[in-house]
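Below: one structure, written as structure tokens.
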Amino acid sequence: MSERRFALVDCNNFYASCERVFDPRLIGVPVVVLSNNDGCVIARSAEAKALGIKMAAPFFQIERFCQRNGVRVFSSNYTLYGDMSRRVMRVLADWAPAMEVYSIDEAFLDISRIAEDRLHQELAALRTRVHMWTGIPVSIGVGRTKTLAKVANDLAKRGGGVSVMLPEDEERALQDMPVGDVWGIGRRLTAALEPLGITTAGQLRAADTRQLRQRFNVVVERTVMELRGIDCLLLEDVTPARKTLMVSRSFGDKVTLLSDIEASITTHAGRAAEKLRVGRQIAEHLEVFMHTSPFDTTTKPYTARATIAFEHATADTRLITSTALSLVRRLFKRGYRYAKSGILLLGLSEAMKATPTLFSPIDDRRSSALMAAMDLLNNNYGSGTIGFASAHTGKAWRLRMDRRSQSYTTQWEELAKTAS
DNA sequence: TCTGGGGTCCTAGGACCC
DNA sequence: TCTGGGGTCCTAGGACCC
């Protein structure tokens, strides 16, 4: 069996780079992009990093610093970033036989079939192509496993833009790498590994997997195997369907009134239902949560949350909204200063291509009938037939609806015989 | 005064059933 | 009088990622 090889393509300082594509005057200038509500830093250009601006730094703490140092500051624009991401991914998909879009700015490519001596040259060409066609600079790292490709990508970012790590290079690359830089080893694990004498990626690779599994979990064990070149994480060529969906926001100012929470939850519910329908999914459960600020040291953090099951899985805006609001009213407690609210939809599954058929005895005011039909189809996707019977005349109609893209075509048809 | 939003997976523990 | 063991499902919470 031939050796497997993965490439990780990672966009450099992605959000900051996106802003630059649309304003070249930003090139060479420190740029940062802020989270929602301009809360904290979520992207930094190389110049901003060089100034010492940290990832996730609260903006209010560095605002003056940014002014003094000529840092250009942007609120995030996810529509733009999403669009740029699709452009980059399209270029990669054109090139690679198999690829996994891992995040908005990263993709793994299966490059097992490219000859070793051509790898560097081919990937350098790909890098140039992405930059030329999208304006986004990327780094590419190659390794035997995804985890090793991540390591190689780190090296690529430090210079050259492309780093091909062959098995004989691994030892040296891992030797000096802090263990916390390994993909899958976060802050907690780094702290927990330290007393075991594991502070570098090389030491983690040499560690006893059985012991690590016992002490931690299988995820850590897999990471160690991956560092050794045994691929445990396969390329997920087909993006799996989303399993949960969350919409949440922090409040600009702390909220103490039920009516304010209700308003925010109503907005969240609407957005969540819309996202569900775009993905043609329905949800089984709904969770609502609201919590106080974790940064407020004067009071103990408080979270109110509750989950409820729908009678039938749904994507119905009104049902989701009313259910969420009933939970909010149950959960809300006076006296707390809420910092954030949100809803989480769980147990998502693919919406059936429903062909709802409904006969209901309503009068022959067609407009209200049409509204009901639209609702029904909206919530069930697909096309369908709805029958109406007039209580006054005894006649019956059939309304057929065909939903293509976003428009409906409707067809009224008077049935020859009266409905039974 | 002001600290993001959206995901995944794993484990432990309780409820419940046979 | 003695009070099993194994399986599944669900939830909460913790860890990680970008």
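Keep in mind that the numbers below use all heavy atoms, side chains included, and drop hydrogens, waters and symmetry copies. Note that the structure is a prediction, hence the values are computed from the model and not measured. Quick note on labels: first sequence line is chain A, next is B, and so on, each numbered from 1.
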**OP:** Give the minimum heavy-atom separation between A:Val41 and A:Ile62, together with the two atoms involved.
**Re:** CG2-CD1, 3.6 Å

**OP:** Mind checking A:Val41 for me? I need base, sugar-phosphate or nothing, with any heavy atom below 4.0 Å counting as a touch.
**Re:** nothing

Original post:
What distance, rounded to whole Å, do you find between the two C1' atoms, one in C:dC18 and one in B:dC2?
Top reply: 24 Å

**OP:** For A:Asp38, check side chain to side chain donor-acceptor pair (under 3.5 Å) against everything at least two apart and list the hits.
**Re:** A:Ser75

Subject >> Whole-Å gap separating P (C:dC17) and CD (A:Glu100) >> reply: 16 Å

**OP:** Describe, in one word, how the ring planes of A:Phe6 and A:Phe108 are oriented to each other, choosing from parallel (under 30°), tilted (30 to 60°) and perpendicular (over 60°).
**Re:** perpendicular

**OP:** Would you please say whether a donor-acceptor pair under 3.5 Å links the side chains of A:Arg222 and A:Thr147?
**Re:** no

Original post:
Out of C:dC17, B:dG5, B:dC2, which has the shortest distance to the side chain of A:Ser248?
Top reply: B:dG5

Original post:
Using a cut-off of 4.0 Å on non-hydrogen atoms, how would the nucleic acid contact of A:Lys254 be classed: base, sugar-phosphate, or nothing?
Top reply: sugar-phosphate

Subject >> Given C:dC17, B:dT8, B:dG4, the nucleotide with the shortest approach to the side chain of A:Ser35 >> reply: B:dG4

Original post:
Please, which pairs that meet salt bridge (charged side-chain N to carboxylate O under 4.0 Å, His left out) have at least one residue in residues 82-109 of chain A, sequence neighbours excluded?
Top reply: A:Asp83-A:Arg87, A:Glu100-A:Lys146, A:Glu106-A:Lys150

Original post:
Do A:Asn12 and A:Ser139 get their side chains close enough for a donor-acceptor pair, meaning under 3.5 Å?
Top reply: yes

Original post:
Would you call A:Glu170 and A:Arg205 a salt bridge, using N to O less than 4.0 angstrom?
Top reply: yes

Original post:
Any side-chain N or O of A:Arg222 under 4.0 Å from OP1/OP2 of B:dC10?
Top reply: yes

**OP:** Taking only heavy atoms on the protein side, list every residue of residues 294-311 of chain A lying under 4.0 Å from any atom of DNA chain B, sorted numerically.
**Re:** A:Phe295

**OP:** Determine the contact category for A:Glu106: base if any of its heavy atoms lies under 4.0 Å from a base atom, sugar-phosphate if only primed atoms, P, OP1 or OP2 are that close, otherwise nothing.
**Re:** sugar-phosphate

Original post:
The side chain of A:Ser250 lies closest to which of these nucleotides: B:dC9, C:dC17, B:dG4?
Top reply: B:dG4

Subject >> Passing candidate, side chain to side chain contact (heavy atoms under 4.5 Å, CB included) with A:Leu327, options A:Ile265, A:Thr307, A:Ile308 >> reply: A:Ile308

**OP:** Would you indicate what A:Ile185 reaches in the nucleic acid, counting non-hydrogen atoms under 4.0 angstrom: base, sugar-phosphate, or nothing?
**Re:** sugar-phosphate

Original post:
Taking the same atom, C1', in C:dG4 and in B:dC16, what whole-Å distance lies between them?
Top reply: 15 Å

Original post:
Rounded to the nearest 0.5 Å, what separation is found between the CZ atom of A:Phe60 and the SG atom of A:Cys40?
Top reply: 10.0 Å

Original post:
For DNA chain B, whose closest nucleotide is more 5', that of A:Arg271 or that of A:Ala339?
Top reply: A:Ala339

Original post:
The side chain of A:Lys340 lies closest to which of these nucleotides: B:dG5, B:dG6, B:dT8?
Top reply: B:dG5

Under 3.5 Å, which protein N or O atoms sit close to an N or O of nucleotides 11-16 of chain B? Give each pair with its distance.
none

Original post:
When the distance from CD of A:Gln281 to C1' of B:dG6 is rounded to whole Å, what number comes out?
Top reply: 14 Å

**OP:** Take the protein atom CG of A:Asn36 and the nucleotide atom P of B:dG4, then report the distance between them rounded to whole Å.
**Re:** 9 Å

**OP:** Specify the separation, in whole Å, of atom CG of A:Leu346 and atom P of B:dG6.
**Re:** 14 Å

**OP:** Starting at atom OH of A:Tyr15, determine the distance to atom P of C:dC18, rounded to an integer number of angstrom.
**Re:** 12 Å

Subject >> Between B:dC9 (C1') and A:Glu221 (CD): distance, integer Å >> reply: 15 Å

Subject >> Distance in angstrom units between A:Leu345 CG and B:dG7 P, rounded >> reply: 9 Å

**OP:** Whole angstrom is fine here: how far is it from CZ in A:Arg44 over to C1' in B:dG4?
**Re:** 15 Å

Subject >> Candidates B:dC9, B:dG6, C:dC17 - which lies nearest the side chain of A:Lys243 >> reply: B:dC9

Subject >> A:Ser103 vs B:dG7: side-chain N/O to OP1/OP2 distance below 4.0 Å >> reply: no

Subject >> Consecutive Watson-Crick or G-U pairs in runs of at least 3, all under 3.5 Å, in which DNA chain C is involved >> reply: B:5-18 with C:5-18

Original post:
How would you list, by chain and number, every residue that makes a side-chain contact (heavy atoms from CB on, under 4.5 Å) with A:Thr199, sequence neighbours excluded?
Top reply: A:Glu194, A:Gln203

**OP:** Give one of base, sugar-phosphate or nothing for A:Asp105, where a contact means two heavy atoms less than 4.0 Å apart.
**Re:** sugar-phosphate

**OP:** Remember a base hit wins even if backbone is also touched, and classify A:Tyr102 as base, sugar-phosphate or nothing at under 4.0 Å, heavy atoms.
**Re:** sugar-phosphate

**OP:** Please state whether the rings of A:Tyr78 and A:Tyr15 are parallel, tilted or perpendicular, taking 30° and 60° as the class boundaries.
**Re:** perpendicular

**OP:** Scan A:Leu189 against the nucleic acid and name what it touches under 4.0 Å (heavy atoms): base, sugar-phosphate only, or nothing.
**Re:** sugar-phosphate

Subject >> Pair A:Glu122 + A:Arg5, salt bridge at N-O below 4.0 Å >> reply: no

Original post:
Going from CZ on A:Arg242 to CG on A:Leu276, what distance comes out if it is rounded to the nearest 0.5 angstrom?
Top reply: 7.5 Å

**OP:** Specify the closest pair of heavy atoms between A:Ala96 and A:Met99, including all atoms of both residues, with the distance to one decimal.
**Re:** CB-CB, 4.4 Å

